Trainee: 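Before I ask anything, let me first share the structure, which is written out below as structure tokens.
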Number of protein chains: 2
Amino acid sequence: MLAEQRRHQIMLELQRTGQARTTQLAENFGVSEVTIRSDLEILDAKKLLIKTHGGAIALPASSPAAAFEERMNRNFDAKRRIAQMAARQIIDNQSIVFDSGSTLLQVAMQMPPVNNVVVATTAMNIAQHLMYRPGLDVHMIGGRVFPSTVSTIVSDSDKAVGGLVAHQAFLSAHAIDHAFDVVDVSEDIARTKRNLVRMARRVILVADSSKWDIGASSKAFSLSRVDLIITDTAMPHGIRSRLDKLGVEVRYV
Amino acid sequence: MLAEQRRHQIMLELQRTGQARTTQLAENFGVSEVTIRSDLEILDAKKLLIKTHGGAIALPASSPAAAFEERMNRNFDAKRRIAQMAARQIIDNQSIVFDSGSTLLQVAMQMPPVNNVVVATTAMNIAQHLMYRPGLDVHMIGGRVFPSTVSTIVSDSDKAVGGLVAHQAFLSAHAIDHAFDVVDVSEDIARTKRNLVRMARRVILVADSSKWDIGASSKAFSLSRVDLIITDTAMPHGIRSRLDKLGVEVRYV
DNA sequence: AGATCAAAACGAAAGGAATCGAAATATTGA
DNA sequence: TCAATATTTCGATTCCTTTCGTTTTGATCT
């Protein structure tokens, strides 16, 4: 049996029972305990388990919340830089709309201290991050809850937050297709984004480079409706020159 | 069992009940008390608990989230029994409204498997617990976010969830005063509860014994508006006999 | 209330078994 | 032959228990 295969088996055992002992593993696989220990050390370094005296234990259970965490970490550096730039757009005495998504959660977390700012959002995790902060009035926009983004679906923008007209709306994109339309996986989500865009005078789109030139089924809104795009430089060839001709302000971070 | 795993279990027990006794832990895990004491010493050194004579107690609540946890564990057993009874009221093909609060979060967590049930709630933590469950359509009722209960303030019940009329509403109480009115700490919250009551044909109130005969500033609604009260038996003297004369169905668990 | 006393809980120390890490050595496979 | 993998060896560490003298606790008695 190959070493890699054995490590995979160890992971399976760990997922099954939540723990594994060095002695028993060595016996099962017919190798020395030193070998098992080195396996565990490698797997521990990869954060796939936690090595302890006598063996190893499984990592704390991966919930749907953990799946969101993982998305959070994908392309993390670019998202953080984009979020930093976006957060700087927020100033005192404004009302702001937040879409859902991992990049916008970053924006919320990096928001500077402000006074008298009203935030309306469809994202429960953003609302929960911001609600403890002073100087902020947080509104949750109601609607059917969509599990994968931990956010609500908005069917009618007029009823949301009593017809609030915000100074700025921060939108994220699942993807941006070849025709420079922001597109998403379902009409429900696309409609929600359309409604959020309609709620604000100025629209800011955050989108890291992995989002560009990818298709999806439902159009949310056109890039021409956006006032400021914040993205990073590592986008597919050709996109950037076309984007610069569009007439929309774009910031690369 | 690995030592590390045992310490993890001790932490879980501590989070559940807020305390742990050396003797009982030693017996449960089948190790000597000295071993448990050394575990507690290690966990204390890591600032994960506070070692005391006879065992250990959980760390004092620091964050608002921890404050909610603490409320969750106060009178935990009674709340769990009340929640069990309340959860049994939920059947297929119904629409339900959930107020916020630790007891109602328990109800949500103990909800049996159902089909085609619509749940509307002001509590973000309840929405997040239920959104992954099959057979459920979860609606978040929008509004200003109130940090201490992780829930929204509803100003207008007509606009919430498109004027949904639910079969049942589950309400909790901050307190119930001498005049048998459900009262709360602020008019905002009281108004929210009034609106939730108005949204449903049948109103179920969950209230453990610590809530009775206590005053607060703002009246939400009268007990006469309630169809079913679920509480426990350990309430102040005199209340129970008066309650039975009220004409509202009361279940003691 | 304050004193008294027994049970419970404690810390420190000692010792044995299991486990560990490091380094040198052996095996395997391209 | 080289590099990856596995093993053996051995002193160090960790874990857990037992023992014993001390402290804390809570109930009882003035």
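Predicted model, so just to flag it, every value in this text is computed and none were measured. Lettering of chains follows the sequences in order, A, B, ..., and the numbering in each one begins at 1.
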Trainee: Check this for me: does any side-chain nitrogen of one of B:Lys46 and B:Glu41 sit under 4.0 Å from a carboxylate oxygen of the other?
Mentor: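 Result for this pair is no, no salt bridge flagged.
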Trainee: Rounded to whole Å, how long is the line connecting atom CE of B:Met1 with atom C1' of C:dT19?
Mentor: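 So the two atoms are 19 Å apart, to the nearest Å.
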Trainee: Look at B:Asp208 together with B:Lys211 and state whether they make a salt bridge at an N to O cut-off of under 4.0 Å.
Mentor: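 Yes, B:Asp208 and B:Lys211 are salt-bridged.
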Trainee: Rounded to the nearest angstrom, tell me the gap between atom CZ in B:Arg6 and atom P in D:dT17.
Mentor: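 Atom-to-atom, B:Arg6 to D:dT17, this comes out as 8 Å.
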Trainee: I need the CZ-C1' distance between B:Arg21 and C:dA7, as an integer number of Å.
Mentor: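 Whole-Å distance recorded here is 13 Å.
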Trainee: Under 3.5 Å, which protein N or O atoms sit close to an N or O of nucleotides 7-13 of chain D? Give each pair with its distance.
Mentor:
from: D:dT7; atom 1: OP1; to: A:Ser32; atom 2: N; distance (Å): 3.4
from: D:dT7; atom 1: OP2; to: A:Ser32; atom 2: N; distance (Å): 2.7
from: D:dT7; atom 1: OP2; to: A:Ser32; atom 2: OG; distance (Å): 2.9
from: D:dT7; atom 1: OP2; to: A:Thr35; atom 2: OG1; distance (Å): 2.6

Trainee: Please state how far atom CD in A:Gln5 lies from atom P in C:dG29, giving the value in whole angstrom units.
Mentor: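 Going from A:Gln5 (CD) to C:dG29 (P), I get 14 Å.
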Trainee: Using a 4.0 Å heavy-atom cut-off across all strands, classify B:Thr22 as base, sugar-phosphate, or nothing.
Mentor: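 Sugar-phosphate, no base atom in range.
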Trainee: When the axes are fitted on five pairs at both termini, how much does the helix from C:dA1-D:dT30 to C:dA30-D:dT1 curve, in 10° steps?
Mentor: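 The end-segment axes of the helix from C:dA1-D:dT30 to C:dA30-D:dT1 are tilted 40° relative to each other.
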Trainee: Report the nucleotide, chosen from C:dC10, C:dG21, C:dA9, that has the shortest atom-to-atom distance to any side-chain atom of A:Lys51.
Mentor: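 Selected nucleotide: C:dG21.
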Trainee: Within this structure, what is the CD1-to-P distance between B:Ile36 and D:dT18, rounded to whole angstrom?
Mentor: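 For the pair B:Ile36 CD1 and D:dT18 P, the rounded distance is 14 Å.
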Trainee: Any idea which heavy atoms bring B:Ala169 and B:Leu196 closest together, and the distance?
Mentor: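 Heavy-atom minimum between the residues: CB-O, 4.0 Å.
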Trainee: Please give, in whole Å, the distance from C:dA9 P to B:Glu41 CD?
Mentor: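 After rounding, the reported distance stands at 17 Å.
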Trainee: Roughly how far, to the nearest 0.5 Å, is CZ of B:Arg21 from CD1 of B:Ile36?
Mentor: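 Spacing of CD1 (B:Ile36) from CZ (B:Arg21) equals 13.5 Å.
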Trainee: Parallel, tilted or perpendicular for A:Phe98 and A:Phe170, by the 30°/60° rule?
Mentor: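 If you compare the ring of A:Phe98 with that of A:Phe170, the planes turn out parallel.
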Trainee: Taking CD from A:Gln24 and P from C:dT19, how many angstroms apart are they, rounded to a whole number?
Mentor: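 Atom CD in A:Gln24 sits about 11 Å away from atom P in C:dT19.
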Trainee: Within the 3.5 Å criterion, strictly below it, is a donor on A:Thr35 or A:Ser38 matched to an acceptor on the partner's side chain?
Mentor: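 Short answer, no.
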Trainee: Look at all strands and tell whether B:Thr23 reaches a base, only sugar-phosphate, or nothing, counting heavy atoms closer than 4.0 Å.
Mentor: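 The answer is sugar-phosphate, as B:Thr23 gets under 4.0 Å only of primed atoms, P, OP1 or OP2.
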Trainee: Tell me yes or no: between the side chains of A:Gln110 and A:Gln106, is some donor less than 3.5 Å from an acceptor?
Mentor: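 Side chains of A:Gln110 and A:Gln106: pair found under 3.5 Å.
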Trainee: Judged by modelled atom types alone, do A:Ser172 and A:Asp99 share a side-chain donor-acceptor pair under 3.5 Å?
Mentor: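 A:Asp99 and A:Ser172 do have a side-chain donor-acceptor pair below 3.5 Å.
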Trainee: Which heavy atom in B:Ala123 sits nearest to a heavy atom in B:Met140, and how many Å separate them?
Mentor: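 Shortest heavy-atom contact: C-CE, 4.0 Å.
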Trainee: How long is the line joining CG of A:Asp39 and P of D:dA4, in whole Å?
Mentor: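 My rounded result for the distance is 16 Å.
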